[in-house]
2 protein chains.
Amino acid sequence: MEKPYVIGIDLGATNTVFGIVDARGTILYSDSIKTGKYAEIGTYVSALADGLKSTIAQVGGPDQIKGIGVGAPNGNYFTGCIDFAANLPWKERIPLAQMISDGMEGIPVALTNDANAAAIGEMTYGAARGMKDFIEITLGTGVGSGIVAGGNLVYGHDGFAGELGHVIVRRENGRLCGCGRHGCLETYTSATGVARTAKELLIQRTDSSLLRKLEPENITSKDVYDAAIAGDLLSVEIFEMTGAILGEAFADFVAFSSPEAIILFGGLTKAGNLLMDPIRRSMDRHVLKVYAGKTKLLFSELNESDAAVLGASALGWEIKE
Amino acid sequence: MEKPYVIGIDLGATNTVFGIVDARGTILYSDSIKTGKYAEIGTYVSALADGLKSTIAQVGGPDQIKGIGVGAPNGNYFTGCIDFAANLPWKERIPLAQMISDGMEGIPVALTNDANAAAIGEMTYGAARGMKDFIEITLGTGVGSGIVAGGNLVYGHDGFAGELGHVIVRRENGRLCGCGRHGCLETYTSATGVARTAKELLIQRTDSSLLRKLEPENITSKDVYDAAIAGDLLSVEIFEMTGAILGEAFADFVAFSSPEAIILFGGLTKAGNLLMDPIRRSMDRHVLKVYAGKTKLLFSELNESDAAVLGASALGWEIKE
């Protein structure tokens with residue numbers, strides 16, 4: 001009999017959240033441990049395994065679990081390792097998939113990065129159900145992406161494909177990126193990028209704005225959203241600029257993999273049509289004629305608080321036994 | 001018993017060349033008909049079928065043929081149709097794969113565009129043998145591309161993926177492209193783009209160059225190559241500029257699909273290291289750190305005069321019977 005559940009583990013810098021998920025994407029039980037508390041990876045995996053076992057007991061034990069999927073920063077699907085992840089306590093290369101499997105009586109474990117996990121989750125439970133070609137774009141602190149082509153996630157030869165937040169959208173005088181280069185998409189269109197645009201505009205311009213009441217250094221994308229909703233024209237314009245750049249970039253992405261849809265996920269999508277409308281206009285204006293009007297722009301249908309666990313869990317269904 | 005041969009058909013605006021190919025990529029017999037002679041698609045397919053049958057008779061008849069692959073402008077793998085191809089005599093949508101199969105006693109026929117055919121040919125017989133992730137870039141009159149991810153060609157949801165000649169590399173004051181937009185990769189890095197760079201530089205600059213002996217309007221990429229080989233500094237610089245832009249674009253392509261190799265094909269590759277060295281330098285300078293030094297830059301190993309037929313023929317092996 002097909003095992004009825006999978007486990008999704010979302011390894012974040014602060015918390016590691018895990019849950020038992022059924023085939024429809026319902027999280028039956030979930031729990032978490034504090035990632036940062038474990039300076040040593042062995043202790044972390046032991047604590048995680050203890051937590052998982054208690055949770056699994058509630059659904060009848062390990063025989064009910066088809067597989068475990070892990071979404072982790074710098075997670076590599078091919079090697080099952082996390083490699084030198086900047087925000088985690090363990091700075092070396094960690095064979096995490098193997099370690100978890102060993103700690104869990106051999107239940108198979110697959111691992112990938114957060115953005116890929118979101119894409120697989122979307123395909124399994126969300127807006128991309130039934131799609132074979134789509135791109136999931138995560139607009140959060142950074143910009144991440146998971147690319148699905150012909151029904152398969154594009155991992156690349158080394159497992160690191162899909163860094164679309166780091167395609168160059170401004171080749172001259174582009175903003176400095178955390179990656180050390182200039183002009184990356186995420187410097188303009190992440191939540192941080194939106195805040196950066198706000199600070200720049202407030203300096204360059206003199207028109208009034210609700211944002212001028214705030215300390216420029218503390219402005220967040222949420223502040224820009226709140227001001228835009230309150231009718232602040234400068235804030236509306238910031239979303240217009242953000243959407244315009246996303247639309248330009250998406251037009252290039254379409255020339256690459258001609259997806260049925262580009263699906264937006266992450267905190268910045270709370271801006272809704274303030275962001276989506278300018279993306280759509282810009283994409284329509286920039287896309288090559290052969291693709292015109294063919295690619296849907298959608299919001300994720302994964303509940304944000306559950307999405308990371310759901311996405312990771314979706315990997316569990318794909319494991320070949 | 002496995003059928004030992006496939007047929008490749010290269011449908012060009014002037015000639016349609018076809019050949020019988022074995023599993024090692026040897027073209028055993030080939031022939032051609034004049035594409036432009038047939039104003040009516042039915043007559044064209046009849047003439048093609050007659051030519052194919054005579055050729056097939058030399059290897060023992062249709063029972064020896066596993067499948068027929070066609071490389072055609074605007075060829076769509078999913079529909080088997082060519083759609084309104086600008087340079088062909090037939091302006092409507094033509095269900096060419098079906099028509100050829102009907103004319104050939106039901107031998108299965110698959111069809112794709114030229115650039116995808118080159119990629120499949122490279123994977124089957126050329127520099128990409130054994131690779132599961134690579135990008136084939138055709139540098140000819142235009143810039144074409146075929147993308148392979150996880151061992152499969154990326155067709156996209158509509159069969160039109162892989163138009164990397166039309167990603168935007170210059171967003172401000174970019175060159176006008178045949179597609180109606182500005183700044184496309186192919187306006188700078190096709191053979192035509194190289195000639196265009198030559199004309200621009202000769203006007204903007206005053207330094208001496210062998211190219212100044214030529215009528216600016218008639219300068220070709222071949223002229224630039226000949227001059228560069230003869231030590232002309234301006235011509236060397238033109239290849240430097242071309243390679244620099246290709247390297248920038250390739251760095252973005254790597255962020256998309258993280259290929260094991262980018263393989264260069266087409267007339268402009270005759271420039272050899274005059275072009276490859278600056279591409280490599282530029283790509284090394286622009287690529288995201290996680291990919292540094294991982295992606296090979298290679299020249300196609302398909303003989304150019306055979307490549308189109310070989311590429312198309314490779315599709316014949318992939319047909320599911």
Side-chain angles (χ1 to χ4, degrees), chain A residues 74 76 83-84 131-135 145 147-174 177 179-185 245 248-249 251-261 285-291 294-296, chain B residues 74 76 83-84 131-135 145 147-174 177 179-185 245 248-249 251-261 285-291 294-296:
Chain A
N74 292 33
N76 187 305
D83 284 3
F84 318 103
M131 289 189 193
K132 294 188 156 242
D133 296 271
F134 70 98
I135 300 177
S145 63
I147 303 159
V148 172
N152 298 306
L153 205 90
V154 175
Y155 287 110
H157 79 114
D158 59 353
F160 289 117
E163 288 288 352
L164 298 185
H166 293 281
V167 302
I168 305 299
V169 293
R170 290 293 176 267
R171 297 211 174 266
E172 296 185 24
N173 305 313
C177 183
C179 74
R181 305 177 310 154
H182 287 83
C184 292
L185 180 63
I245 292 178
E248 291 175 8
D252 279 351
F253 300 167
V254 168
F256 206 102
S257 67
S258 192
E260 179 177 348
R285 194 162 59 242
H286 289 100
V287 82
L288 190 65
K289 204 173 165 188
V290 64
Y291 305 117
K294 285 187 188 171
T295 307
K296 296 171 205 145
Chain B
N74 291 34
N76 186 303
D83 283 2
F84 319 103
M131 288 188 194
K132 293 188 155 240
D133 296 272
F134 70 98
I135 300 177
S145 63
I147 302 158
V148 172
N152 298 306
L153 207 90
V154 175
Y155 287 111
H157 79 115
D158 59 353
F160 290 117
E163 287 288 352
L164 299 185
H166 293 281
V167 301
I168 305 300
V169 293
R170 289 293 176 268
R171 297 207 176 267
E172 296 187 21
N173 304 313
C177 183
C179 74
R181 305 178 309 154
H182 288 82
C184 292
L185 180 63
I245 292 178
E248 291 174 8
D252 278 350
F253 300 167
V254 168
F256 206 101
S257 67
S258 192
E260 178 177 348
R285 194 162 59 241
H286 289 99
V287 83
L288 190 65
K289 203 172 167 190
V290 63
Y291 306 118
K294 285 188 187 171
T295 308
K296 297 172 202 143

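Residue numbers begin at 1 in each chain, while the letters A, B, ... track the order of the sequences. All values below were derived from every heavy atom in this structure, side-chain atoms included, with hydrogens, water molecules and symmetry-related copies excluded.
Taking CD1 from B/Ile245 and CZ from A/Arg171, the interatomic distance works out to 9.0 Å, rounded to the nearest 0.5 Å.
Proximity to chain A is absent for every atom of B/Val148, based on heavy atoms less than 4.5 angstrom apart. Looking at B/Ile135, only its side chain comes within 4.5 Å of chain A, counting heavy atoms on both sides. Neither the backbone nor the side chain of A/Phe134 comes within less than 4.5 Å of any heavy atom in chain B. The contact between A/Ile168 and chain B is made by backbone and side chain atoms together, counting heavy-atom distances below 4.5 Å. If you measure heavy-atom distances from A/Lys294 to chain B, the contacts under 4.5 Å come from both the backbone and the side chain.
Ranked by heavy-atom pairs under 4.5 Å with chain A, the list B/Pro259, B/Ala149, B/Gly150 is led by B/Pro259. Ranked by heavy-atom pairs under 4.5 Å with chain B, the list A/Thr295, A/Asp83, A/Val290, A/Asp133 is led by A/Asp133. Contact count against chain B (heavy-atom pairs under 4.5 Å) is highest for A/Ile147 among A/Val254, A/Asn74, A/Ile147. The greatest number of non-hydrogen atom pairs below 4.5 Å with chain B, out of A/Cys184, A/Ala261, A/Gly156, is found for A/Gly156.
Judged as a side-chain contact (heavy atoms from CB on, under 4.5 Å), and not counting sequence neighbours, the contacts of A/His286 are A/Glu248, A/Ala251, A/Ser282.
B/Tyr291 approaches A/Phe160 most closely through the heavy-atom pair OH-O, 2.6 Å. Across A/Leu288 and B/Cys179, no two heavy atoms sit closer than the pair CD1-CB, 3.5 Å. Scanning both residues, A/Arg181 and B/Val287, for their nearest heavy atoms gives NH1-C, 3.8 Å. Closest non-hydrogen pair, B/Val167 versus A/Ala255, comes out as CG1-CB, 4.3 Å. When all heavy atoms of B/Ser257 and A/Ala161 are compared, the closest pair comes out as C-CB, 3.6 Å. Here the closest non-hydrogen pair linking A/Phe256 and B/Leu164 is CD1-CD2, 3.3 Å.
Side-chain contact between A/His157 and B/Ser258 is present, with heavy atoms from C-beta onward closer than 4.5 Å.
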